[in-house]
Structures are given as C-alpha cells and as structure tokens.
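Position 1 is the first residue of the sequence, and the numbers go up from there. Worth saying up front: this structure is predicted, and the values here are computed from it rather than measured. Counting starts at 1 for both ligands and their atoms, in listed order.
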Amino acid sequence: MTPSVSRQHRILAVTNQKGGVGKTTTVANLGAALADAGARVLLVDMDPQCSLTLSWGLRPSELSATTCEVLADPEADLASAVRALGGPGARLDLLPASRRLGDLEPRLAQATAKEVYLREALGGVLGEYEVVLIDTPPNLGVLTINALAAADGALVPLQPEFLPLQGLGDLKATIELLRRYRVNPALDIVGVVATMASRRFLLEREVLQAARALGVPMCATRIPRSVRFAEAPARGRPLVRWLPDHPGARAYRRLAEEVSDVRAAA
Ligand code: ADP
Ligand code: MG
C-alpha cells in the first residue's frame, strides 16, 4: 500500500499520541514546503503546549485570538484569529494556540457534540485553503479527537527507534470508532512517515515492517535525523525555510510531493 493523498485529503491531522516523535516539526516543515510549492496552506495548533506557535516566533501569551477562543465560542471569527506567516510561498497562515487551550480542554470534554467543534469552526474558511495541517497534543483526548473529526486523513509521524506500535494500534482503533459512530465516516490513516530516521538501525526496519503488517500505508519519504531541526525554531522558522538545501528540508519537500497533489492544487 502506498499513501494516496489527493485533493480530497486536504485536511490532515498530524497525530501520534506519543510525544517527541516529530508531529510539530512535520506540520511546520510540510506546511512551508506545500506553501512554497504553490498551495494555500493553513496550519492549526491544537496543542496546549503551543510548540507550533512558538516555533514560528509567536508568543502565545500575547495572542488574544487563538484556537481556544475559536473553540470556546461558535460565533468567534476564525479568520481574524489567523496569522500570516509570510515567506516565499503562495500563502501560509497559522491559527495559533495559547495555554488557555489547556484550561478549555476539560470543559470541551463535557460539551455536547464535543468532537465537532473544530470542524464547525473551520467550515467557514475552508474555501480559502487547499491544505490544512492540524498539529495535535501527545494524547487521544478531546483536542486530538476534534482534529481527527475535522480531518480527511491522519498523517502519523513515527520515530522508528522506539517501539511505538502499541500507539499506532490505539490510533487505528480510535479512527475506527470515529468511523463507526459516524463522527467522521471517511477518516483513515493516509500515511505513516518515519522521522528521525537512520537506516543503520535494525530495529528501525523491524518497526517499519511491523507498521506495514498492521495494514497502515507507509510514506516512501523518510525524514533523516538532524540536530538542525531542533535549532530551526529558535530562528522562528522551520528548516525548510532556514536551510532549504539541507537534506532534512529536501526530505520534507519530497514528503510534500508525496502527500499532496500540489500541482493540481496550485
Ligand atoms: P512532537 O510534536 O511529536 O512532540 P517535535 O516535532 O516537537 O515532536 O519534535 C521533538 C523534538 O525532536 C524537537 O526538539 C524537534 O526539534 C526534534 N526533531 C524533530 N524532528 C527531528 C529530526 N528529524 N531529527 C532530529 N530531531 C528532530
Ligand atoms: Mg508537538
């Protein structure tokens, strides 16, 4: 099975309930790569830790309109909460997060129809964008469920040195429930992407083989391990924009080609 993310997969939840596997890095770099290839892209920060927002040089505490306000008030204007990230790309915007999202989370978990708040909020702006990438927290709580309910597909970064397959099985089961209960009948995992990869590890090959055995499509692109990824956020931009010729930046541009029909979207 190879990933097939065509135009109908334009909203991707980048998710894995394990922390530190490269979700936020993938959203930032893949988003920039897609925008630079000509797509209009919206990034959505659904993590109360605000890593994506911070990595673009924004200070969450100074933002009054964020995912929290948009989810808390169905009448809130999402478009006015969105920040333009600039750069050479067609259009790259961010719906930022603030730490208030963490305060909202338990209230949202009690709300009626709690799964669909993000989907409803995004509805009004979808015509503006060809690709929406949603960054998620490292759990399968109500914020991640909102991302999955809003998405056409899940893109799963997986750090192959660890044993993350239990997590992948749990994610598959959650997606199955969202389908069965008609929260998102068409949702599926569109691809697992190996991050922080190095072919030298036998374990890596075993893990990727096991992921295939779970029936989950693997992306052909592997993101190499490099400390440059961790250095980029301090510069307020992802590696794709900071060092575009770096092998890690090139890998994310290949992933952009792989997961989206950019030429069709441009
Ligand atoms: P998550 O969002 O899943 O918690 P992050 O994207 O924040 O993961 O990545 C965790 C840490 O690993 C960060 O410090 C990040 O800069 C770093 N990192 C991400 N991708 C890579 C990579 N390919 N190689 C090396 N370090 C990486
Ligand atoms: Mg993160």
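At least one N or O atom of Val21, backbone or side chain, sits closer than 3.5 Å to an N or O atom of ligand 1. For ligand 1, the polar-atom distance check finds an N/O of Lys23 within less than 3.5 Å of one of the ligand's N/O atoms. For ligand 1, one of its N or O atoms has an N or O atom of Gly22 under 3.5 Å away. Checking only distances, Pro224 does come within under 3.5 Å of ligand 1, N or O to N or O.
Counting protein heavy atoms only, atom 19 (C) of ligand 1 is closest to Thr25 OG1, 3.2 Å. Of the protein's non-hydrogen atoms, the one nearest atom 16 (O) of ligand 1 is Ala230 CA, 3.1 Å. Counting protein heavy atoms only, atom 7 (O) of ligand 1 is closest to Thr24 CB, 4.0 Å. Of all protein heavy atoms, the one lying nearest to atom 4 (O) of ligand 1 is Gly20 N, 2.7 Å. The protein heavy-atom contact nearest to atom 18 (N) of ligand 1 is Met196 CE, 3.7 Å. Of the protein's non-hydrogen atoms, the one nearest atom 26 (N) of ligand 1 is Ser226 O, 3.6 Å.
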Given the rule in the side-chain contact (heavy atoms from CB on, under 4.5 Å) test, do Leu34 and Leu92 qualify, once you have shown the distances and angles that lead to the verdict?
CA-CA 9 Å; Leu34 286 162; Leu92 183 60; over 6 Å; no
Decide side chain to side chain donor-acceptor pair (under 3.5 Å) for Thr24 and Ser51; before the verdict, give the C-alpha distance in whole Å, the side-chain angles of both, and the deciding distance to 0.1 Å.
CA-CA 7 Å; Thr24 301; Ser51 309; 4.6 Å; no
I'd like to know whether Glu130 forms a salt bridge (Lys or Arg N to Asp or Glu O under 4.0 Å) with Arg40, so could you lay out the CA-CA distance, the side-chain angles of the two residues, the decisive distance to 0.1 Å, and finally the verdict.
CA-CA 5 Å; Glu130 283 136 348; Arg40 286 172 288 145; 3.2 Å; yes
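Of all protein N/O/S atoms, those under 2.8 Å from the Mg ion (ligand 2) are Thr24 OG1, and waters are not counted.
Note that atom 13 (C) of ligand 1 has no protein non-hydrogen atoms nearby, at separations under 4.0 angstrom.
Within the structure, ring-ring contact (aromatic ring centres under 6.0 Å, His included) contacts touching residues 224-257 (residues at least two apart or in different chains) are Phe229-Tyr252.
With rounding to the nearest 0.5 angstrom, the CD atom of Gln17 is 8.0 Å from the CG atom of Leu168. Summarising the geometry, atom CZ belonging to Arg100 is positioned 15.0 Å from atom CD belonging to Glu105; distances are rounded to the nearest 0.5 Å.
Minimum heavy-atom separation, Lys172 to Ile189: CG-CD1, 3.8 Å. Closest approach of Asp47 to Pro138, counting heavy atoms only: OD2-CD, 4.1 Å. Here the shortest heavy-atom pairing between Leu143 and Met46 reads O-CE, 3.4 Å. Between Thr195 and Val21, the shortest heavy-atom contact is OG1-O, 2.6 Å. Minimum heavy-atom separation, Asn184 to Ala149: ND2-O, 3.3 Å. Here the closest heavy-atom approach between residue Pro88 and residue Asp36 is recorded as CG-OD1, 3.8 Å.
Evaluated for a side-chain contact (heavy atoms from CB on, under 4.5 Å) with Cys219, the options Val192, Leu158, Leu255 yield exactly one hit, Leu255.
For Gly248, the closest heavy-atom approach to ligand 1 does not fall below 4.0 Å. Residue contacts with ligand 1: Gly19 is included, with a non-hydrogen atom under 4.0 Å away. A heavy-atom separation below 4.0 Å is not found between Thr195 and ligand 1.
For the 3.5 Å distance criterion, the side chains of Glu258 and Thr221 qualify, holding a donor opposite an acceptor.
Distances below 4.0 Å separate heavy atoms of Phe229 from the following atoms of ligand 1: 16 (O), 21 (C), 22 (C), 23 (N), 24 (N), 27 (C). Contact atoms of ligand 1 toward Ile223: 23 (N) (distance under 4.0 Å to a heavy atom of the residue).
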